[in-house]
**Q** 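The structure that follows is given in the form of structure tokens.
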Amino acid sequence: SSQGQALKVPFIGWTAVTVDNPATLVGSCLEAHPAHAALYLVHSFHVVPGDPAHLLASYGFGGHRITAAIRSGNVTGCQFHPEKSGAAGLAIMRRFVNCDRT
């Protein structure tokens, strides 16, 4: 536990990303992402969407839920780096490129 300890920021590393609301995945670039598959992150900040319905995925860090991806209409933002996230990241990028065709 990191309780009482300073958290290392920026956060750099692999972590499992959790879907918070499976309904938000339909038609998104994360729709086929395996549950709890690890993705690569490098960041110091995160977004808290004004509308919780826009939260696509998150992960745990120091006892907090951190936004990993958001979606509003046809706009998607990712906190992780799919290009550095191995096979899972490549699948996300492939899905992202083809989202308008599905």
Side-chain angles (χ1 to χ4, degrees):
S1 168
S2 61
Q3 190 173 13
Q5 299 173 351
L7 297 174
K8 185 179 176 188
V9 175
F11 172 70
I12 301 171
W14 293 83
T15 193
V17 171
T18 304
V19 173
D20 295 273
N21 178 1
T24 63
L25 286 181
V26 177
S28 79
C29 60
L30 291 177
E31 185 171 22
H33 184 66
H36 306 293
L39 297 170
Y40 186 74
L41 294 106
V42 177
H43 67 86
S44 299
F45 305 98
H46 81 106
V47 155
V48 177
D51 183 347
H54 295 159
L55 183 62
L56 195 55
S58 65
Y59 64 95
F61 179 68
H64 304 278
R65 292 306 302 167
I66 305 294
T67 300
I70 58 173
R71 178 180 181 210
S72 178
N74 65 351
V75 176
T76 300
C78 299
Q79 182 67 33
F80 56 87
H81 289 263
E83 76 282 5
K84 295 185 177 208
S85 295
L90 291 176
I92 290 168
M93 289 178 66
R94 200 172 300 112
R95 176 83 179 141
F96 182 78
V97 168
N98 293 312
C99 268
D100 66 337
R101 298 181 203 165
T102 58

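All values below were derived from every heavy atom in this structure, side-chain atoms included, with hydrogens, water molecules and symmetry-related copies excluded.
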**Q** Please name the pair of heavy atoms, one in V47 and one in T67, separated by the smallest distance, quoted to 0.1 Å.
**A** O-OG1, 2.5 Å
**Q** Taking ILVMFWY side chains as joined if any heavy atoms are under 4.5 angstrom apart, and letting links pass through other members, which residues group with M93?
**A** none
**Q** Same cluster for F80 and V19 if Ile/Leu/Val/Met/Phe/Trp/Tyr side chains link at under 4.5 Å?
**A** yes
**Q** Is there a side-chain contact (heavy atoms from CB on, under 4.5 Å) between S28 and L56 once you walk through the steps?
**A** CA-CA 9 Å; S28 79; L56 195 55; 3.9 Å; yes
**Q** Among all residues two or more places apart in sequence or in another chain, which pass the side-chain contact (heavy atoms from CB on, under 4.5 Å) test with H43?
**A** F11, L41, Y59, I66, Q79
**Q** Tell me every residue that passes side-chain hydrogen bond (donor to acceptor under 3.5 Å, both in side chains) with S58, counting only those two or more places apart in sequence or in another chain.
**A** D20, R65
**Q** Who are the side-chain hydrogen bond (donor to acceptor under 3.5 Å, both in side chains) partners of H81, not counting sequence neighbours?
**A** E83
**Q** With sequence neighbours excluded, tell me which residues meet side-chain contact (heavy atoms from CB on, under 4.5 Å) with D51.
**A** A53, H54
**Q** Linking Ile, Leu, Val, Met, Phe, Trp and Tyr through side-chain heavy atoms less than 4.5 Å apart, which residues share a cluster with Y40?
**A** I12, W14, V42
